[in-house]
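Residue numbers start from 1 in every chain, and the chains themselves are labelled A, B, ... in the order their sequence lines are given, proteins ahead of strands. As a basis for the values below, the full set of heavy atoms in this structure was taken, side chains included, without hydrogen atoms, waters or symmetry mates. What you see is a predicted model; the values in this text were computed from it and never measured.
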2 protein chains.
Amino acid sequence: MSDRHTDVTMTARFSAVECSLKDVLDRIGDKWSILVVAALAREPVRFRALQRSIDGISQRMLTLTLQRLERDGLLTRTVIDMRPPRVEYALTATGQSLTIPLRSLADWAEEHRGTITASRAAWDSQHSS
Amino acid sequence: MSDRHTDVTMTARFSAVECSLKDVLDRIGDKWSILVVAALAREPVRFRALQRSIDGISQRMLTLTLQRLERDGLLTRTVIDMRPPRVEYALTATGQSLTIPLRSLADWAEEHRGTITASRAAWDSQHSS
DNA sequence: CGGCATCCGCCGGGATACTG
DNA sequence: CAGTATCCCGGCGGATGCCG
């Protein structure tokens with residue numbers, strides 16, 4: 001009985017987690033959002049600087065990604081009126097809070113990168129027949 | 001000098017993080033990998049049970065995702081010889097370790113879901129002109 | 001049940017050109 | 001510099017059918 005009750009509870013909690021994960025993935029699970037948030041983690045950055053710091057992102061995708069993140073309240077867009085035009089992007093408190101789990105993910109990647117690469121090599125050589 | 005040195009160090013560390021993030025996103029940044037890992041977090045699960053528990057995944061994508069995750073050493077595939085066929089998928093130690101940062105992400109989503117939804121609604125009403 | 005093979009639609013996203 | 005507008009392609013991924 002006790003075991004069973006525990007299991008039901010944990011199953012419910014697990015379902016909730018899975019649902020949350022799907023939510024977060026729908027929001028920031030695209031190709032660039034996470035990288036943009038990471039690039040803004042330390043300080044506000046201007047548009048071109050962002051584009052230079054995020055390897056491989058196109059102007060179009062940077063614009064779209066920034067707009068979505070602003071819509072979700074993860075960052076703010078500030079126009080400083082001068083010539084040439086100057087627009088700064090900065091994380092909101094919510095956006096800043098996201099950098100904490102992102103850091104965990106990055107740390108995980110750092111730690112297991114070697115293992116994963118090795119596993120791939122082993123798998124590939126074994127399935128090359 | 002001291003400030004400058006600190007800044008250079010942090011910039012380097014930041015670049016490393018960004019690189020790690022790109023790595024992890026290239027591996028598990030697709031539409032389903034994270035959800036599959038989450039679905040296996042508690043215990044080994046069979047193919048059909050997985051498909052039922054992950055809402056919306058097709059047979060094809062489940063197969064492909066499982067193969068990639070096995071190749072990366074995040075899970076194991078075990079065939080139990082009986083009728084009807086029975087195949088169990090289970091996380092490896094590496095895969096299990098990934099559930100920790102994933103849990104952080106899910107918790108973040110849980111905590112900020114309301115804020116984000118509200119921000120979206122506000123943005124949408126303001127840009128409906 | 002647990003797959004694999006094939007076909008195909010869609011859209012994410014790159015390239016390019018143009019504006020303020 | 002900081003975008004917007006268009007065009008267009010590749011491949012992700014869904015649907016379907018077949019096999020051990």
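A salt bridge links A:Arg120 with B:Asp72: the closest approach of a Lys/Arg side-chain nitrogen to an acidic carboxylate oxygen falls below 4.0 angstrom. Ion pairing between a basic and an acidic side chain is recognised when a charged N comes within 4.0 Å of a carboxylate O; A:Arg113 and B:Asp23 show such pairing. Ion pairing between a basic and an acidic side chain is recognised when a charged N comes within 4.0 Å of a carboxylate O; A:Arg86 and A:Asp81 show no such pairing.
The distance from atom CD of B:Glu88 to atom P of C:dC1 is 15 Å, rounded to the nearest whole Å. Separating the CD1 atom of A:Ile54 from the P atom of C:dG13 is a distance of 13 Å, rounded to the nearest angstrom. In this structure, the CD1 atom of A:Ile57 is 14 Å from the P atom of D:dA2, given to the nearest Å.
Contact check of residues 74-87 of chain A against DNA chain C (heavy atom, cut-off under 4.0 Å) returns A:Pro85. Near DNA chain C, meaning a heavy atom under 4.0 Å from it, residues 26-33 of chain A has A:Lys31, A:Trp32 in order of number. Residues from residues 58-68 of chain A placing a heavy atom under 4.0 Å of any atom in DNA chain C, listed by number, are A:Ser58, A:Gln59, A:Arg60, A:Met61.
Side-chain N/O atoms of A:Tyr89 include none lying less than 4.0 angstrom from OP1 or OP2 on D:dC1.
Annotation: the span from B:Arg77 atom CZ to B:Glu88 atom CD amounts to 12.0 Å, rounded to 0.5 Å. Separating the CG atom in A:Leu40 from the CG atom in A:Leu91 is a distance of 5.0 Å, to the nearest 0.5 Å. Put simply, OG1 on B:Thr78 and CD1 on B:Ile80 are 6.5 Å apart, with the number rounded to the nearest 0.5 Å. Distance check, rounded to the nearest 0.5 Å: CG of B:Leu69 to CZ of B:Arg27 gives 11.5 Å.
Of the residues listed (A:His112, A:Glu111, A:Glu110), the one engaging A:Trp108 in a side-chain hydrogen bond (donor to acceptor under 3.5 Å, both in side chains) is A:His112, and it is the only one.
No side-chain donor-acceptor contact under 3.5 Å links B:Asp107 and B:Ser104.
Here the closest non-hydrogen pair linking A:Gly95 and A:Val37 is O-CG1, 4.1 Å.
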